[in-house]
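Chain A is the first sequence line, chain B the second, and so forth, proteins listed ahead of strands; every chain is numbered from 1.
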Protein chains: 2
Amino acid sequence: MSVTLTEENYLKAIYHISQMTKTDVSTNAIAEKIDAKASSVTDMLKKLSDKGFITYIKYKGVNLTEKGRLTAVDIIRKHRLWEVFLVDKLNFSWDEVHDVAEQLEHIKSPKLIKELDAFLDFPTHDPHGDPIPDKDGQIKRTDKIILSKAEVGGTYKCVGVQDSSTDFLKYLDKHQIQIGTELTVKDIEDFDHSMTFTIHQHNMTMSKAITNNIYVKKLQ
Amino acid sequence: MSVTLTEENYLKAIYHISQMTKTDVSTNAIAEKIDAKASSVTDMLKKLSDKGFITYIKYKGVNLTEKGRLTAVDIIRKHRLWEVFLVDKLNFSWDEVHDVAEQLEHIKSPKLIKELDAFLDFPTHDPHGDPIPDKDGQIKRTDKIILSKAEVGGTYKCVGVQDSSTDFLKYLDKHQIQIGTELTVKDIEDFDHSMTFTIHQHNMTMSKAITNNIYVKKLQ
DNA sequence: TTTAATTTTTAGACAACTCTAAAAATATGT
DNA sequence: ACATATTTTTAGAGTTGTCTAAAAATTAAA
Ligand SMILES: [Mn+2]
Ligand SMILES: [Mn+2]
Ligand SMILES: [Mn+2]
Ligand SMILES: [Mn+2]
């Protein structure tokens, strides 16, 4: 009983939504993520439920079963490994990789992923700082915090992004912020929570819309 | 007007058949290659004709238009570049690559192929000795001949295979024959046209079923 | 708590691709 | 040339995944 490309995309969407909300995943939330109508989602939920990937109770939302979670995480593993490949080996920038990885993540070949993993020297994180699940579906949770929660005087290292849209990544590139960049919080405005940092010996101010989309780790 | 994965597979099949037969490509020949029923093929031929990829006259068979030929050759280019990648970088053997390449050839990203080509150092041939079309659809024809047409006393270098099924490639591996292997024709049986060679300082006999599937180039 | 707004599901339909069965066209053999 | 065999096309239908419109269930508001 194989998994179609469309089913894989639904499972991935359900996984990502459940990571955010931690409650039952709603039909509408999936519809928005997949860019389909709610009625289409309902149809698919029945199929995924029949196949044992989700538990689905009418009007109550869905949850991934262990089988569904493993399938979703395996696709995410492939997606992120391919993103590393594109950036490390094929000169893609981090804002160019997502659409291609969306296609490559559906290639079915266990040997391919095993060898790609080794070829890339077993990376633990993708170009956006997201952890790469291991072959058993384990994900290393990092102690990252959202930049908007940082404290004045603290020094932090950029470890990932929340929004990995091309627009946002281009903004970061323009201001020379990438994974690994260090920043020190100089000031936080009470009014709009905009923050001023020292980055690369320069001062820079970011709105909350920005700081809400950057993950950092506090440096000792 | 995009090309679906299925349409791509039909175009590729038509291209490969037309390379063999050089006459109009028949519905049945396509059906056999695609592993579908003739009625399904007829449906698809109408669609490909409407889209301008083939010229199709009922009951008369089909031919690729220039647009169709370029599309087919571009897929073949991608297929063969991925095969090189799998063998050169990911430790696949030449009998393992085809099925994965069948999937990878449909990934749509011009930058991906451009960069992959450069990463592989602009290979001209795939692991089976088949030429890789360039980005403009040009294919370098080699002066290869089929091994069964070789002459007693001549020395030849193996440059490709006709049949790239796993079974055949495993046979070649077992007898240590690969692209580049040199062989000298010692004898040809009149009765069944089986041929005896010197290969790697050893003598070996092959049936016509084998020699009909190996391409060689005569060494001066 | 009754009404209104929102969410979700059903009903019916369509596009892409496939099939079986039967009809039409073409090719082959005597 | 005529009958037979083969190839190809049509007719009708099934599957997957999508949609719109309308009904049913749930949630929010008055
Ligand atoms: Mn991505
Ligand atoms: Mn990523
Ligand atoms: Mn191949
Ligand atoms: Mn090949």
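At a threshold of 4.0 Å, the pair A:E83-A:R80 does not count as salt-bridged, since none of the basic side-chain nitrogens sits closer than that to a carboxylate oxygen.
Between the C1' atom of C:dT18 and the CE atom of B:M44 lies a distance of 10 Å, rounded to the nearest Å. In this structure, CG of B:L5 is placed 10 Å from P of C:dT18, rounded to the nearest angstrom. Rounded to whole Å, atom C1' of D:dT7 lies 13 Å from atom CD1 of B:I30. If you measure from atom CD1 of B:I34 to atom C1' of C:dC19, you get 16 Å, rounded to the nearest angstrom. Between A:L48 atom CG and D:dT16 atom P the separation is 13 Å, expressed in whole Å. Between the CD atom of A:E7 and the P atom of D:dT18 there is a distance of 10 Å, given to the nearest Å.
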**Study point:** Sequence-aligned protein contact record of nucleotides 9-15 of chain D, with B where the base is within under 4.0 Å of a protein heavy atom and S where only the sugar-phosphate is
**Key:** BB-----
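Considering only side-chain atoms of B:K37, the nucleotide from C:dT20, D:dT20, D:dT18 that sits closest is C:dT20.
One side chain, B:D192 or B:S194, offers a donor N or O that lies under 3.5 Å from an acceptor on the other. Looking only at atom types and distance, the side chain of A:T55 has no donor-acceptor partner in the side chain of A:N63 under 3.5 Å away. In this model, a donor atom of one side chain and an acceptor atom of the other lie less than 3.5 Å apart for A:N9 and A:H106. A side-chain donor-acceptor contact under 3.5 Å links A:D163 and A:S165.
Checking each of B:I214, B:V161, B:I210, B:N213 against B:L147 for a side chain to side chain contact (heavy atoms under 4.5 Å, CB included) leaves exactly one that passes, namely B:I214.
Residue A:N28 has a polar side-chain atom (N or O) positioned under 4.0 Å from OP1 or OP2 of C:dT8.
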